**Student:** 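Submitted below is the structure of interest, expressed as structure tokens.
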2 protein chains.
Amino acid sequence: MPETARRADRPADRSDRLSGTRYGNRPTMKDVAARAGVGLKTVSRVVNGEPGVTPDTERRVQEAIEALGFRRNDSARVLRKGRTASIGLVLEDLADPFYGPLSRAVEEVARAHGALLINGSSAEDPDREQELALALCARRVDGLVVIPAGDDHRYLEPEIKAGVATVFVDRPAGRIDADVVLSDNFGGARDGVAHLIAHGHRRIGFIGDMPRIHTAAERLRGYRAAMEDAGIPVEDAWMSLGVTDPERVRRAAEAMLSGPEPVTAIFTGNNRVTVTVIRVLAEQERPVALVGFDDIELADLLRPGVTVVAQDAAALGRTAAERLFRQLDGTLITPERIELPTRLVTRGSGELPPAG
Amino acid sequence: MPETARRADRPADRSDRLSGTRYGNRPTMKDVAARAGVGLKTVSRVVNGEPGVTPDTERRVQEAIEALGFRRNDSARVLRKGRTASIGLVLEDLADPFYGPLSRAVEEVARAHGALLINGSSAEDPDREQELALALCARRVDGLVVIPAGDDHRYLEPEIKAGVATVFVDRPAGRIDADVVLSDNFGGARDGVAHLIAHGHRRIGFIGDMPRIHTAAERLRGYRAAMEDAGIPVEDAWMSLGVTDPERVRRAAEAMLSGPEPVTAIFTGNNRVTVTVIRVLAEQERPVALVGFDDIELADLLRPGVTVVAQDAAALGRTAAERLFRQLDGTLITPERIELPTRLVTRGSGELPPAG
DNA sequence: CGTGCGTATGACAACGTTGTCCAGGCTCTA
DNA sequence: TAGAGCCTGGACAACGTTGTCATACGCACG
């Protein structure tokens, strides 16, 4: 028999299969076993480095593996073993620079635990977040790191009960009890605004996202707290909420800066808003102070440098991932809420005195 | 009650599930079938929306699914069907802002095709790239988008032969024939340098990565070509290759800018280098022109604005992913090399006249 | 020489899903 | 009313791997 039959079984119905959707007929352990003249289980032992195989047998098996280009099918393995050694990451937008380091940190930890990372973006859409998270669960990821877009995560209850480790990052989970890793949004914003007040500002604007987003609400709360601590009543005209697209941020900023009593400083609620406001301020004649939440690249090179309340995105990701694996170890049981501190980075824009 | 079979055919173990935190013991179609009082295959039909199920039966099945919190096990499905509806992305560094949009674009296309994206970073390490790519193949991803770190990809030959669709992005594959999507690194760099020459510069520095990296080599080639076209002999002191960490880039730039005949302009080979050089130039007394490869955020807000040769990262990712799925469709057969054009974005720094 | 023991190997049954195929029960027509 | 067709629904065998258990062998010992 010169023809080394790929699969001795029934070659006929394999090639006749109408749905040509199979992987291009890959060799299996059975094929390797046949070629090496050993049993199926022996191949499995060699592939997994289990003991109890003669060096000579092992060599024959290795040769067969090499010759056939065999690669273990992890789907079958997962089915049999129950664990996938992969974790899922549901994030909001891969292109947002804030999530790059976070995502990378999660991957780093996953890798250290021998796990792969499967991820996808929710694009800030709660339905899509759910769809994605459940798809990952259907893949039987061992755990899930979620940056929530929605505010109701009860849909994950059966999964968590079934043993899927789950950690929420950046924003808390909605209506379920779960591990959460956050930045100290409230404290960070309060400190940032207090910094402006300390430099003599009283009329301070706030531009941020919709308060239904937890981080946005917390930062707004921090703003209010700082103002109240200083005994400054906040006027409605100083606040713009739920505005993130550049054009509307621009209009909001310009509105605050015009009129008889314009603000002398602005606190921005996230990196995208900050960038737009920088553009607006660059066009203003008199200097306006600025403190932004989230660090932005090159902030130190602008004139003036941009003072920010910086989050440690990598630490968020790392902490979350580590908690995830501790859940999987069984080391962790009680859900906790962890808040990581923020850091005020002064670069000039936040230290400008009030003008006008 | 003695511990008998883990999963009795009775729906009795439902209560067990509710009370105890049984690990990884999820309900299966069999459980759903038992609870709904129907056959296994009927559940499968309902779950997959196949026709041939009475509305009444369907309702019963749905109720059982709901009650048990059943979620189809895609590992088993994959094993049976042969396709995983997932693709792998091997990139270099998730935290590099250049890869954010690229990665996002790939995910977008994957999503449009109903596929999940599994990814990981090679951290510029060829061994890690291989390890990662093969791990993804073991997961039986349908296809692979690879941003190469190494320059020998023969290890993927068995996989490609077995039907794993493969596309390389940003850098070409090494020693195998495969689809490649690149930016026009040569042309872009040549145009960028020519732009500086057109503004009167003759002593132009080049700071880039190691020439063993394809993109770096091409950009260097573009630099040389532009100089040669203008009849300017390049001096060794003008070139710094293989330098990317900030400290050494800084020293390289400072070296070029000192001495009796300093360069009057610098062309930088990638975004990380550009950022560092901007910092150095900000400290210089006389203005030095700068054109950088890769766009950087806020480049327009600096004084002067930074002129760059911009790549369309999203287009790279999109094109690659689309080719991947066309390979999977069977629409594509012959490997091709696609080069996407770059775009010179003038913002000021590249239009400075020579000083000194 | 029989017994016991340890070691290498293989047979076989899961894992949870889907494709195939067949069995009833129904409707429709001649 | 019988036969032909349709619609439902279910039994069963894969898919490729790993855990369990049995076998065959070599060897030392009584």
Side-chain angles (χ1 to χ4, degrees), chain A residues 6-7 9-14 16-34 36-61 65 68 70-85 137-140 162, chain B residues 5-7 9 24-34 36-61 65 68 70-85 137-140 162:
Chain A
R6 297 298 295 273
R7 189 183 309 276
D9 266 328
R10 301 181 196 284
D13 61 343
R14 223 173 196 316
D16 284 353
R17 205 184 284 278
L18 279 178
S19 53
T21 55
R22 285 236 137 250
Y23 336 95
N25 211 354
R26 300 187 69 129
T28 71
M29 285 192 177
K30 198 169 155 191
D31 301 322
V32 174
V38 301
L40 176 55
K41 180 66 211 209
T42 301
V43 177
S44 171
R45 274 192 268 262
V46 171
V47 169
N48 295 296
E50 288 169 26
V53 181
T54 321
D56 179 58
T57 310
E58 172 159 1
R59 193 186 41 74
R60 287 216 314 285
V61 171
I65 289 177
L68 294 175
F70 166 81
R71 189 100 44 213
R72 180 179 63 196
N73 184 332
D74 274 358
S75 295
R77 172 169 228 251
V78 158
L79 176 59
R80 186 62 233 250
K81 303 204 74 152
R83 283 252 172 141
T84 59
C137 289
R139 289 298 166 94
R140 293 295 186 268
Chain B
R6 295 290 296 279
R7 189 187 308 283
D9 290 321
N25 191 9
R26 305 187 63 132
T28 72
M29 284 191 178
K30 195 170 155 191
D31 300 324
V32 175
V38 302
L40 177 55
K41 180 64 211 218
T42 301
V43 177
S44 171
R45 273 192 270 262
V46 170
V47 169
N48 295 296
E50 288 170 27
V53 180
T54 323
D56 179 58
T57 309
E58 171 159 1
R59 192 185 42 72
R60 286 215 315 285
V61 172
I65 289 177
L68 295 175
F70 166 81
R71 189 98 45 213
R72 180 178 65 195
N73 184 332
D74 274 359
S75 296
R77 173 170 227 252
V78 158
L79 176 59
R80 183 63 233 245
K81 303 203 72 154
R83 283 255 173 141
T84 59
C137 289
R139 290 299 164 93
R140 295 294 187 267

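Lettering follows sequence order; numbering is per chain, from 1. Since we're looking at a predicted model, the values are computed, not measured. Note that these values count all heavy atoms, side chains included, but never hydrogens, waters or copies made by symmetry.
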**Student:** The side chain of A:T42 lies closest to which of these nucleotides: C:dC15, D:dT17, C:dT9?
**Tutor:**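 For the A:T42 side chain, the nearest candidate turns out to be C:dT9.
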**Student:** Measure the CG-CE distance between B:L68 and B:M29 for me, rounded to the nearest 0.5 Å.
**Tutor:**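 The CE atom of B:M29 is 12.5 Å from CG of B:L68, to the nearest 0.5 Å.
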**Student:** With the side chain of A:S44 defined as its heavy atoms from C-beta on, choose the nearest nucleotide among C:dA8, D:dT18, D:dT17.
**Tutor:**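 That would be D:dT18.
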**Student:** Using a heavy-atom cut-off of 4.0 Å across all strands, would you classify B:S75 as base, sugar-phosphate, or nothing?
**Tutor:**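 No contact.
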**Student:** What is the distance, rounded to the nearest whole Å, between atom CD of A:E50 and atom C1' of C:dT9?
**Tutor:**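 Nearest whole value for this atom pair: 13 Å.
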**Student:** Please state how far atom CZ in B:R60 lies from atom P in D:dG9, giving the value in whole angstrom units.
**Tutor:**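 Distance check: B:R60 CZ to D:dG9 P gives 8 Å.
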**Student:** Roughly how bent is the helix from C:dC1-D:dG30 to C:dA30-D:dT1 end to end, in steps of 10 degrees, with each end axis from five pairs?
**Tutor:**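 Terminal axis comparison yields 60°.
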**Student:** By the 4.0 Å heavy-atom rule, please label A:N48 as base, sugar-phosphate, or nothing.
**Tutor:**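 Sugar-phosphate, backbone atoms only, no base.
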**Student:** Whole Å only: how far is the CE atom of B:M29 from the P atom of D:dC12?
**Tutor:**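 Taking CE of B:M29 and P of D:dC12, I get 19 Å after rounding.
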**Student:** Can you tell me the distance, in whole Å, between the CG atom of A:D74 and the C1' atom of D:dC15?
**Tutor:**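 It is 15 Å, rounded to the nearest whole Å.
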**Student:** Report the distance from atom CG of A:N73 to atom CZ of A:R80, rounding to the nearest 0.5 Å.
**Tutor:**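 CZ of A:R80 is found 14.5 Å from CG of A:N73.
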**Student:** Please confirm whether the backbone N or O of A:A138 pairs with a side-chain atom of B:R71, one donor and one acceptor, at under 3.5 Å?
**Tutor:**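 Between the backbone of A:A138 and the side chain of B:R71 there is no qualifying donor-acceptor contact (under 3.5 Å).
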**Student:** Any side-chain to backbone donor/acceptor pair from A:T54 onto A:D56? Under 3.5 Å, distance only.
**Tutor:**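 Answer holds: no.
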**Student:** Could you give me the CA-CA distance, side-chain angles and deciding distance for B:N48 and B:R72, then say whether side-chain contact (heavy atoms from CB on, under 4.5 Å) is met?
**Tutor:** CA-CA 10 Å; B:N48 295 296; B:R72 180 178 65 195; 2.5 Å; yes
**Student:** Could you state the CG-C1' distance from B:D56 to D:dC7, rounded to the nearest angstrom?
**Tutor:**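 The distance from CG of B:D56 to C1' of D:dC7 comes to 15 Å, rounded to the nearest Å.
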**Student:** Can you figure out which of C:dT18, C:dT9, D:dC15 approaches the side chain of B:R77 most closely?
**Tutor:**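 Nucleotide nearest to B:R77's side chain: C:dT18.
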**Student:** Could you check how far NZ of B:K41 sits from P of D:dC7, rounded to whole Å?
**Tutor:**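 My rounded result for the distance is 17 Å.
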**Student:** Whole angstrom is fine here: how far is it from CZ in B:R139 over to C1' in D:dG16?
**Tutor:**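 Result: 15 Å.
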**Student:** Measure the CZ-CG distance between B:R45 and B:L40 for me, rounded to the nearest 0.5 Å.
**Tutor:**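 Between atom CZ of B:R45 and atom CG of B:L40 there are 10.0 Å.
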**Student:** Rounded to the nearest angstrom, tell me the gap between atom CG in B:N73 and atom C1' in C:dT18.
**Tutor:**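 About 13 Å, once rounded to whole Å.
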**Student:** Between the base of C:dT18 and the side chain of B:R80, is there a donor-acceptor distance below 3.5 Å?
**Tutor:**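 By the distance-only test, yes, there is a pair.
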**Student:** So how far is it from A:D74 CG to A:T84 OG1, rounded to the nearest 0.5 Å?
**Tutor:**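 So the gap between those two atoms works out to 9.5 Å.
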**Student:** Look at the side chain of B:K81 and decide which nucleotide, out of C:dG10, D:dT17, C:dG19, has an atom nearest to it.
**Tutor:**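 Closest nucleotide among those given: C:dG19.
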**Student:** Base, sugar-phosphate, or nothing for A:R72, non-hydrogen atoms under 4.0 angstrom?
**Tutor:**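 Sugar-phosphate: the residue A:R72, judged by heavy atoms under 4.0 Å, touches backbone atoms but no base.
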**Student:** Toward the 5' end of DNA chain D, which comes first, B:A76 or B:T54, by nearest nucleotide?
**Tutor:**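 It is B:T54 whose nearest nucleotide is closer to the 5' end.
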**Student:** Can you tell me how far the OG atom of B:S44 sits from the CZ atom of B:R77, to the nearest 0.5 Å?
**Tutor:**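 It is 8.0 Å, given to the nearest 0.5 Å.
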**Student:** Reckon A:V78 touches a base, only the sugar-phosphate, or nothing at all at heavy-atom distances under 4.0 Å?
**Tutor:**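 No contact.
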**Student:** Under 4.0 Å between any heavy atoms, over every strand shown, what does B:V47 touch: base, sugar-phosphate, or nothing? Just pick one.
**Tutor:**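 The residue B:V47 makes no contact with any strand.
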**Student:** Among the nucleotides D:dT18, C:dT9, D:dG9, which one has an atom lying closest to any side-chain atom of A:L40?
**Tutor:**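 Comparing D:dT18, C:dT9, D:dG9 against the side chain of A:L40, the answer is D:dT18.
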**Student:** Determine whether any donor atom in the side chain of A:R26 lies under 3.5 Å from an acceptor atom in the base of D:dG16, or the reverse, and answer yes or no.
**Tutor:**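 When only heavy-atom distances are counted, A:R26 does not reach the base of D:dG16 through any donor-acceptor pair under 3.5 Å.
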